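Please read these numbers as outputs of a predicted model, since none were measured by experiment. Numbering of ligands and ligand atoms starts at 1, following listing order.
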Amino acid sequence: MNKPRYFKESLARLKPYEPHLVPYNIKLDANENPYPFPGSLLDEIFTKIGSKDFPLYPDPLSSRLRKKLAEKLGVLPENIVLGNGSDELILCLYLAFGGQGRTALGFSPSFVMFWHHAFVTQTEFREVPYRDDFSFDLKKALKTIEEQKPHLVFLANPNNPTGSLVDLKTIEKLLAFDHLLIVDEAYVEFSGVSAVELLKEYPNLVILRTFSKARALAGLRLGYLIANKEVIKEIIKVKNPYNVNIFSQIAGEVVLDNEEVFKEEIKEIIAEREKLFQQLIALGVRPVKSHANFILVEFGERAKTIHQELINQGILVRYLGGVLANYLRITVGTPEENRQLLKILEENL
Ligand SMILES: *Cc1c(COP(=O)(O)O)cnc(C)c1O
């Protein structure tokens with residue numbers, strides 16, 4: 001098939017992201033917060049946003065939100081940049097520090113966007129596999145870094161889709177090179193381990209956070225990146241100037257002003273995760289220890305069949321395929337959702 005010359009050869013192999021939408025009752029496939037966004041906070045957002053705000057372009061730096069985040073994190077506003085989801089910030093990292101002739105390193109299996117935006121920006125992407133039990137292979141990581149000399153290293157901590165976590169000592173070993181280390185802390189509220197305290201000591205550390213998971217704002221697209229000022233400046237150079245709309249900026253501020261509302265939900269989700277883990281073991285399948293709000297579960301050869309059966313019964317979970325063909329990734333839901341999931345699994349195992 002001959003395409004006209006304005007099509008790019010480099011994109012020929014890439015499949016567009018087209019989720020196949022199926023009807024469902026329970027959604028446990030995208031690690032979203034299972035609880036509705038609190039009504040009182042919704043009211044507060046609508047009180048704060050005015051009709052005068054809509055015709056005007058939003059603040060390109062989300063200054064009020066940036067300041068609030070800086071105070072919470074003990075960094076300066078100049079150490080933070082907001083994004084239209086952390087997905088956008090991953091692309092910005094590649095635009096600023098990747099591209100043709102540059103190399104990024106990731107660990108597999110992990111978050112597909114690290115690979116995806118490398119591909120789009122024609123950045124070479126290398127992968128170091130996790131061990132068979134999904135623990136982090138530091139020795140192999142250090143050896144590959146020494147050989148490949150990547151410009152960027154992406155580590156999701158906790159990792160998606162495995163739920164595994166590395167400690168700060170491991171992260172410090174990965175920082176002892178002249179690359180940027182991006183630690184994606186999308187699930188930090190569920191792990192309690194953050195590399196933020198290392199920012200003072202390591203100018204090559206970048207931390208990614210999101211409002212999409214524990215903060216229940218996936219639909220509004222809000223994420224942020226924390227790093228040293230010089231790195232932030234480069235990201236601001238390449239980002240879309242009006243990347244975060246005014247509604248999301250205000251929603252982010254209201255969420256930060258009401259953090260205690262989410263603390264209860266987070267506690268509950270962690271307790272449910274541990275309960276679900278034990279219940280899955282009791283069913284005879286093999287869950288992987290998780291520090292996030294999902295559990296990777298080994299079902300053996302029936303994984304795909306069980307996935308389809310759950311869809312038939314209105315429950316969505318994630319089938320990842322590839323090296324994880326025998327696994328399903330299940331987001332921790334509300335107690336009632338988890339009960340229904342377990343019931344259907346029990347009937348089909
Ligand atoms: C869900 C997730 C994100 C969040 O992306 P947003 O664009 O902020 O919604 C980022 N990183 C990882 C590893 C994730 O699993």
For Ser212, the ligand 1 atoms with a heavy-atom partner under 4.0 Å come out as 6 (P), 8 (O), 9 (O)
When distances are taken from atom 5 (O) of ligand 1, the protein heavy atom at minimum range is Ser86 OG, 3.2 Å
Quick note on ligand 1: atoms under 4.0 Å from a heavy atom of Ala186 include exactly 2 (C), 3 (C), 10 (C), 11 (N), 12 (C), 14 (C)
Nearest non-hydrogen contact to atom 12 (C) of ligand 1 from the set Asn31, Asp184, Asn160, Leu220 belongs to Asp184
Any heavy atom of Arg221 under 4.0 Å from ligand 1? The part involved is side chain
Atoms of ligand 1 under 4.0 Å from any heavy atom of Phe111, numbered from 1 in the order shown, are 2 (C), 3 (C), 10 (C), 11 (N), 12 (C), 13 (C), 14 (C), 15 (O)
Discussion item. The test is ring-ring contact (aromatic ring centres under 6.0 Å, His included); show your working for Tyr94 and Phe154 and say whether it passes.
Written reply: CA-CA 11 Å; Tyr94 280 116; Phe154 283 88; 5.1 Å; yes
Contact region, Phe211 to ligand 1, non-hydrogen atoms below 4.0 Å, reads neither
State whether a side-chain donor-acceptor pair under 3.5 Å links Asp167 with Thr170.
yes
* Asked: Would Tyr187 and Asn31 satisfy side chain to side chain donor-acceptor pair (under 3.5 Å), going step by step from the backbone distance to the final call?
  -> CA-CA 9 Å; Tyr187 303 97; Asn31 305 337; 2.9 Å; yes
Next item on the list: With the side chain counted from C-beta on, respond yes when Ile306 and Leu349 share a heavy-atom pair under 4.5 Å apart, and no when they do not.
Entry: yes
Value for OH (Tyr35) from CD (Glu268), rounded to nearest 0.5 Å, stands at 3.5 Å
Residue, atom and distance of the protein heavy atom nearest atom 1 (C) of ligand 1 read Lys213 NZ, 1.2 Å
